[in-house]
Amino acid sequence: MKAPRSSMGSLLAAPAVLYMVVFFVVPSLILFVYSFWTAASYKIVPDFVFSNYLNSLMSPLFWTVTINAILIGLVTASITLVLAIPVGYYLVYVSRSQVILYLILITWFSSYLVRIYAWRTLLGTSGVLNTILLQAGIVDTPVGVFLFSRFAVAITLIHIYLPFCILLVVSSLSEIKKDLVDAARDLGASPLGAFFRIIAPNAANGLVGAFMLTFVMVAGDYVTPQMLGGSSGQTTGLLIADQFRKTGNWPLGAAQAFLMFLVSIALYFAVKGLGRATGLIVKRRPAKKVGA
Amino acid sequence: MTIRPPVIEITAAQKMFGSFQALSDICLSIEQGEIVTLLGPSGCGKTTLMRLIAGFETVTAGTVKIDGKDCADQPPERRPVNMVFQRYALFPHLDVFENVAFGLKVKGTPKAEIRERVQRMLHIVQLDSFANRYINELSGGQSQRVALARALVNGPKVLLLDEPLAALDLKIRQHMLVEMKRIHAETGATFVYVTHDQDEAMILSDRVVLMEKGRIVQVDRPEIMYAAPRSLFAAKFLGETNLFEATMASDDASGMTAVIASGLRFHSSVVPAGELRGKVIVSIRPESFRFARDNDTTQSATGQVEDVIFIGSRSFYTICLAGGFRVRVQIQRSTRTSLPKSGEKAEIFWDSENVVILPEA
């Protein structure tokens with residue numbers, strides 16, 4: 001009975017796998033090949049050079065924007081996760097109300113660009129935030145750094161990716177039954193104690209996943225940095241996009257994209273290693289099962 | 001000598017979930033060392049009552065006292081009670097030892113003491129060699145023992161058990177019942193045991209708290225609750241019984257008499273729950289009947305044997321009395337007396353102490 005079942009499985013997976021191969025794996029491979037080519041006057045020439053990688057690694061601009069991207073990514077993903085966990089906890093263990101979940105998701109019904117412009121309005125020199133600060137007498141002249149700064153980029157990205165992160169947190173907490181929390185409380189753990197002793201270790205993989213997915217999306221986002229980052233808020237995503245859109249240097253853009261990819265993977269293992277070292281992540285137990 | 005207060009004292013407790021009244025007018029006190037079962041069909045409020053004691057729910061009105069202290073403001077972690085969850089709720093990322101040690105560790109007990117107490121408790125539940133097993137390597141019965149040990153190691157004033165055997169199969173369940181009694185005797189803890197299974201309640205309990213629709217309908221020793229149910233619900237919920245609609249005929253010092261439509265009279269010497277008049281229900285357990293007259297037997301009826309079911313140690317007879325009233329009769333196997341066969345006429349005898357007259361529901 002095993003053979004038909006597994007062939008059924010591959011049949012069901014086939015459309016998605018095919019789609020990913022055609023529209024993700026193949027283009028990625030093509031881009032990978034491009035990263036070793038050279039560009040000359042808006043044309044790309046087949047070649048096999050490492051200069052795209054080496055030049056990027058030696059370029060101060062590349063490092064500036066990459067560190068910027070990593071910093072914005074780490075800060076934004078951390079704050080987003082810290083904000084998402086209590087909401088996720090509330091949605092999973094306290095109120096099973098779907099309404100709150102829908103209300104959280106409703107921000108996704110508005111356009112990404114509209115929301116960025118909304119933040120421009122809020123943070124600008126004549127924006128709501130500055131007006132309040134002026135009226136309250138906290139500042140004498142409008143604060144310019146709210147807009148076109150890393151701060152503006154981070155606050156906007158948190159707003160955009162928070163609902164997404166909440167969904168990821170909800171799904172990873174859903175696997176941990178309320179009974180376990182109750183049992184921990186019954187045995188003397190405070191609510192916070194139950195979170196750190198029971199929920200965090202069991203949800204650690206899911207929470208690290210939520211953090212990393214948020215990080216990757218935030219670090220790779222190039223629209224928000226472009227609109228709100230000013231000169232100090234530029235990120236690798238924007239630099240890469242410019243290679244494709246403005247300079248037409250596809251090989252350099254491709255090389256930088258793969259460098260960013262490596263950075264993300266390295267960061268994933270770093271975060272996981274940190275979790276292991278602090279004891280928050282526990283290695284999965286062998287899934288052996290014995291009869292009664 | 002001072003009189004100990006009951007370890008749990010619940011007074012006029014009510015619990016509302018929105019507009020749904022989950023518990024009404026609950027008064028119950030539980031003494032040190034007792035095994036008390038909260039018995040009732042699903043939805044009767046027994047689990048809610050237990051969670052009220054554990055601190056997972058709070059009363060809408062009334063008080064819950066544990067060891068003489070009102071614990072209205074105490075969250076679960078500050079109550080001197082521990083719970084065994086229905087599906088055990090063992091921590092999957094910890095091994096057996098760490099699971100059992102959890103409560104002691106949270107309270108900051110010294111390591112050496114934790115080791116000693118956990119090992120002693122694992123010995124009591126007979127899992128000495130399982131300390132380093134992972135939770136997913138345990139069978140249902142073993143998980144059950146770990147859950148018991150994890151709760152009992154903290155030395156709770158009261159151990160709360162929420163249908164702890166419901167997830168086990170029949171054979172292990174019976175074995176665990178015996179184990180539960182042994183562990184109770186060894187630890188001397190007070191057990192409050194929630195179940196919908198009347199057999200579990202009968203085997204285990206010092207007292208049974210029978211619940212229906214959020215109310216306590218009767219609190220008694222199991223043998224008394226079985227012999228003298230105080231309501232139709234109690235008579236039907238515990239064991240099997242024959243029920244007849246009847247009318248009160250007389251009520252005097254020697255007992256009460258009720259008469260059914262065929263004119264057959266049932267005399268009862270069981271003290272009723274309250275005053276009975278008019279329409280009543282007569283309840284007689286199948287095993288109360290005999291086919292032979294005793295010296296002091298006063299009541300009898302004649303009918304036709306319709307059906308005989310033989311199941312080894314016992315036989316079940318269905319006997320049709322005059323007026324079409326059917327009686328189910330259970331007879332212990334005996335080699336001395338000859339028993340009637342299907343289709344034959346038979347006379348059945350019973351005593352007034354086995355007749356219970358109940359108010360109409």
Side-chain angles (χ1 to χ4, degrees), chain A residues 89-90 92-100 171-209 272 274-292, chain B residues 50-51 53-57 75-95 98-109 130 133-144 147 150-151 153-154 156 159-160 162 167-169 171-173 175-176:
Chain A
Y89 185 94
Y90 181 82
V92 174
Y93 298 117
V94 184
S95 150
R96 269 147 244 163
S97 153
Q98 297 289 307
V99 179
I100 297 164
S171 92
S172 69
L173 292 187
S174 301
E175 283 173 30
I176 299 150
K177 293 208 185 74
K178 176 91 191 316
D179 264 9
L180 293 185
V181 182
D182 282 352
R185 296 285 306 278
D186 184 68
L187 292 165
S190 63
L192 215 58
F195 178 81
F196 282 111
R197 285 172 192 274
I198 302 303
I199 297 178
N202 282 297
N205 280 316
L207 294 180
V208 168
K272 243 188 155 166
L274 196 71
R276 288 251 167 81
T278 53
L280 262 182
I281 302 181
V282 189
K283 271 220 163 111
R284 288 261 160 196
R285 301 300 201 190
K288 247 197 304 179
K289 184 93 185 147
V290 290
Chain B
M50 165 167 288
R51 291 177 66 84
I53 299 171
F56 295 120
E57 308 288 353
E77 61 266 28
R78 291 186 36 220
R79 297 192 181 199
V81 301
N82 286 111
M83 186 153 164
V84 173
F85 290 78
Q86 191 173 137
R87 307 232 58 150
Y88 323 132
L90 300 177
F91 305 130
H93 62 300
L94 303 176
D95 66 18
E98 291 165 329
N99 261 278
V100 178
F102 187 89
L104 298 174
K105 213 173 145 191
V106 168
K107 285 176 206 91
T109 314
F130 284 72
R133 288 284 189 96
Y134 299 131
I135 295 312
N136 58 8
E137 293 177 312
L138 302 177
S139 69
Q142 288 160 351
S143 302
Q144 178 66 79
R150 185 179 69 175
V153 77
N154 304 290
L159 181 70
L160 305 169
D162 185 11
L168 298 175
D169 53 45
K171 220 171 161 189
I172 302 167
R173 205 182 307 167
H175 177 66
M176 276 311 292

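Throughout, a chain's letter reflects where its sequence line sits, starting with A, and its residues are numbered from 1. Just the heavy atoms: all of them, side chains too, but no hydrogens, waters or symmetry mates, feed the values below. Since this is a predicted model, take the numbers as computed values, not measurements.
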Any non-hydrogen side-chain atom of A/L187 less than 4.5 Å from a side-chain atom of B/M83? no
B/F56 CZ to A/K178 NZ distance, which is reported to the nearest 0.5 Å: 7.5 Å
Can you confirm whether A/N202 sits close enough to B/P92 that some side-chain heavy atom of one is under 4.5 Å from a side-chain heavy atom of the other? yes
What part of B/N82 gets within 4.5 angstrom of chain A, counting heavy atoms only: side chain, backbone, both, or neither? both
Using a 4.5 angstrom heavy-atom cutoff, name the option from B/A151, B/P156, B/A89 with the most pairs to chain A. B/A89
Chain A contacts, top residue of B/R150, B/R87, B/R79 (heavy-atom pairs, under 4.5 Å): B/R150
Give me the atom names and distance for the closest heavy-atom approach of A/P201 to B/H93. CB-CD2, 3.5 Å
Shorter than 4.5 Å, heavy atoms on both sides: which option in B/G55, B/P76, B/P75, B/G103 has the most such pairs with chain A? B/P76
Can you say whether A/A194 sits under 4.5 Å from chain B via the side chain, the backbone, both, or neither, judging by heavy atoms? neither
So how far is it from B/Y88 OH to A/L180 CG, rounded to the nearest 0.5 Å? 14.0 Å
Selection from A/D179, A/I176, A/D186 maximising heavy-atom pairs under 4.5 Å formed with chain B: A/D186
What part of B/R51 gets within 4.5 angstrom of chain A, counting heavy atoms only: side chain, backbone, both, or neither? side chain
What part of B/L90 gets closer than 4.5 Å to chain A, counting heavy atoms only: side chain, backbone, both or neither? backbone
For the interface with chain B, which of A/K177, A/R197, A/R185 has the highest count of heavy-atom pairs at distances below 4.5 Å? A/R185
